[in-house]
Structures are given as structure tokens and as C-alpha cells.
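Take a look at the structure below.
Start at 1 and go down the list; that is how both ligands and their atoms are numbered. Please read these numbers as outputs of a predicted model, since none were measured by experiment.
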Amino acid sequence: MTDSTAGPQPGDNEPNGDLTSGLSAHAAAVGDEEPEQPRHRVIGTPPPAEARTLLKTPPPGAPGGPPVPRQRELPADPDDLVSAKRAERVVVACFLIATLAGLGFIASYLIFQVHSVTNVLHSNLALGSTMGLAFLALAVGAVIWVRRLMPWVERTEARKLLRSSPEDRAAFAETFEEGAEASQFTKRPMVRRTLIAATVPVALAPIVLLRDLGPLPGTSLDHTVWRKGMRLLNYGANTPIRPADFASPGGMVTVVPDGFQDDFNALAKAAVIIIKFPPNIIQFSAKPQPGRVVQNWTVDNIVAYSKICTHVGCPAALYEQTTHHILCPCHQSTFDAARGAQVIFGPATRALPQLPMTVDAQGFLIARHDFIEPVGPSFWERGPS
Ligand code: FES
């Protein structure tokens, strides 16, 4: 027989119905006391706290509740799953190749020492090919991934108005005015004026510094120091030259204007080369024209050209006697000396200007006058002249 006042004891294995009836009897026995809630044994994982709380979360979309989940807009998988599986294998293969090639690059760098030209060639070949293969495999894998594994959908999105709403603009204006007032910028004119005065020199400073670029060139690029009657001096020896000083044709001599042999600013434009030709080589003309040497400006088959390359101004200092080619060593512009120093190869677009020349009473070579066109780089011109 069970004692009804004892209540359930730990370890009781009675069914819940018996236990409940026992508890009811116990409550009746204690009279006015609050009846105890039936206690259940919990088996397994308790439900989440949210399910047990009395403060229920409002449903999605309701005030205070979570937002309504967006409907999915992109499909999760491509249409053809079998084809996608094949593509996946190809992508994986590409990425594996890229991995191996990348490791090969590192290994090549460590293995190939560059102590000789041959080793450098081998090293460059190995580094370049492994790096190229790594990038190629990565790119191919990425392209296949995008085109074959990702869902193929076309999406458009309407453009939103970029302009702020009237409310936002009004709020901004109000904030700006508040800030201006709070900064005292409008109320304290001395502060405002001195601030403006302080910024003016700062803004002018870069303009003043432009003066360091030097004076404006004006027309100085159009002229050199060569003048009528100025002797041509052999550069270095600084001696005047007679046509007879050329023992045999074929040579090239650098000459400078008498009086300016030590003026490097002047020589930067006025340096000249003179070339003695054998008879019947020069293509003459009476007036300046492309591809021709002005006959009246030569003396005894000696022609004078500007030495300043018309590309970017290097000295055109190499001469090939058999072909009569003047070569600029900087970018290999080549000029045909027998044909008015016209360009036959390279980036220059303009012939070397010819210096008008004659002889004075003592038989020395002198200039008739300055060049009739600018010497040196003609970067302001477009295309061949
Ligand atoms: S400066 Fe002569 S070819 Fe460039």
C-alpha cells in the first residue's frame, strides 16, 4: 500500500497517470496550498529557448519581427547537372595544373643559377613557361567555371535616381548653414578675410614655381648662331678648314662655328658635319627640295649638314663611306647624305638640314647664312615634312 502524503520519490518508475493521481491526492491533503504543477521527466535535447519563452517573436514582416526572407532570384544549380559535373572535373584539372606550374616556377627559380648567358637563357625559358602555364591554366579554369558551372541567367536592374531627395537636400542645406553659423565664419569678418588672404599665396605658389622652367623659348628654336661669313672650325683643333684639307673623299668631320667653339649651349644646335664626296655621287638641285643637295651651298663636293638628329636630338655621328649613310646611334635613324640627308630608316621624320656654305677670300670654308629651317627634333610637326 502506498502512502498518499509521501508524494513521488526519486527513482519511482510509476506511469505518469499514477503519479498525477498521487500528486492530486497530496494536494487535497494539504487543503488550501497552491496545487503543484505536474513534473515531467525530460528525455533528450530540450527545445530551443525561443520555443519556451513567453515573449514570442513577432512573425516575419510584422512590426518588431524579422524581415520577410527574400525570394531566391538566382538558380542554385545549372540546368544540366551531368554536364556540370564534367565541367567541374575540367576546372579541377586546370587548377591542379596551375598549382603544379606555380610550384615549377619556384623550383625553376631555385634550380637554375644565372652565372652564364646559357644559364640565363635556360632560367628565363623555365620561369617564363611555368609562369605562363600557371596563368593560362588559371584563366581557362576560371572561364570554364563561370560558363559551365554557374547558372546562366540574364539580369537587369533599373537605374535609380542619383539625385538626393528634396528632404535630404533641405537637411544638408540646414546642416551646412548651422555649421557656418557655429564656426563663426560669417560673424567674424576679420577671421574670414585673413583666412582668404592666407590662401591666396598658397594658391599662387605653384604658378610662381613655373618660372624655374626657364624663359620662354620664343623663336630661339628656329635659329642657330651660324651667320654669314662665319668660318667652320674643325672641332677639337678649332682650326679653319680649306677644301683642299680633305686629302681624299669619303671622310666626315665635325665642325663648329668660329667664336662658339666653347659655348655648349650654342653648339647644342649649331654642331655641323661636313662630308667630302667623290664626283658624280651627290644628287644636286638648284633649290632646296626633298632628296636633293643644294648645289650652290656646297664647295668642291663638300656638303655640310646639321649634326643634331631630327628625331630627339642625339648627335648623328656615324658615317658609312660606301653607302653614304649617316647613322644616329640613339635609335638608328639613317640619313642618305648624297640625297639631301633624307631619312631612309628609323624614327626620324625629317632630313638633316643643310648648312649653306662657300669659301672666303683666304679659301676657308664659311657659312653663307644660317640654316633655313629649324635644326634638331621637330616634335611640333606631324609626319614627314
Ligand atoms: S635621336 Fe636620332 S634616331 Fe633618335
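- No other N/O/S atom of His331 lies as close to atom 4 (Fe) of ligand 1 as ND1 does.
- The minimum heavy-atom distance between Thr310 and Arg350, with the atom names listed, is OG1-O, 2.6 Å.
- Aromatic rings of His324 and Phe277 (six-membered ring for Trp) have centroids within the 6.0 Å cut-off, being under it.
- The ligand atoms of ligand 1 that sit less than 4.0 angstrom from a heavy atom of Cys309 are 1 (S), 2 (Fe), 3 (S).
- Using a 4.0 Å cut-off to heavy atoms of Cys328, the atoms of ligand 1 that qualify are 1 (S), 2 (Fe), 3 (S).
- At a cut-off of 2.8 Å, Cys314 does not coordinate atom 2 (Fe) of ligand 1 through any N, O or S atom.
- Residue Val312 has at least one heavy-atom neighbour below 4.0 Å for each of these atoms of ligand 1: 1 (S), 4 (Fe).
- Closest non-hydrogen pair, Asp245 versus Pro240, comes out as OD2-O, 4.1 Å.
- Listed by chain and number, the residues in a side-chain hydrogen bond (donor to acceptor under 3.5 Å, both in side chains) with Thr322 amount to none (sequence neighbours excluded).
- For the residue pair Arg163 and Arg169, the shortest heavy atom distance occurs at NH2-NH1, 3.0 Å.
- Considering just the N/O/S atoms of His311, the one nearest atom 4 (Fe) of ligand 1 carries the name ND1.
- Distance from atom 3 (S) of ligand 1 to its nearest protein heavy atom, with residue and atom name: Ser333 OG, 3.1 Å.
- Annotation: side chain of Asp370 is in contact with side chain of Trp226 (closest heavy-atom distance under 4.5 Å).
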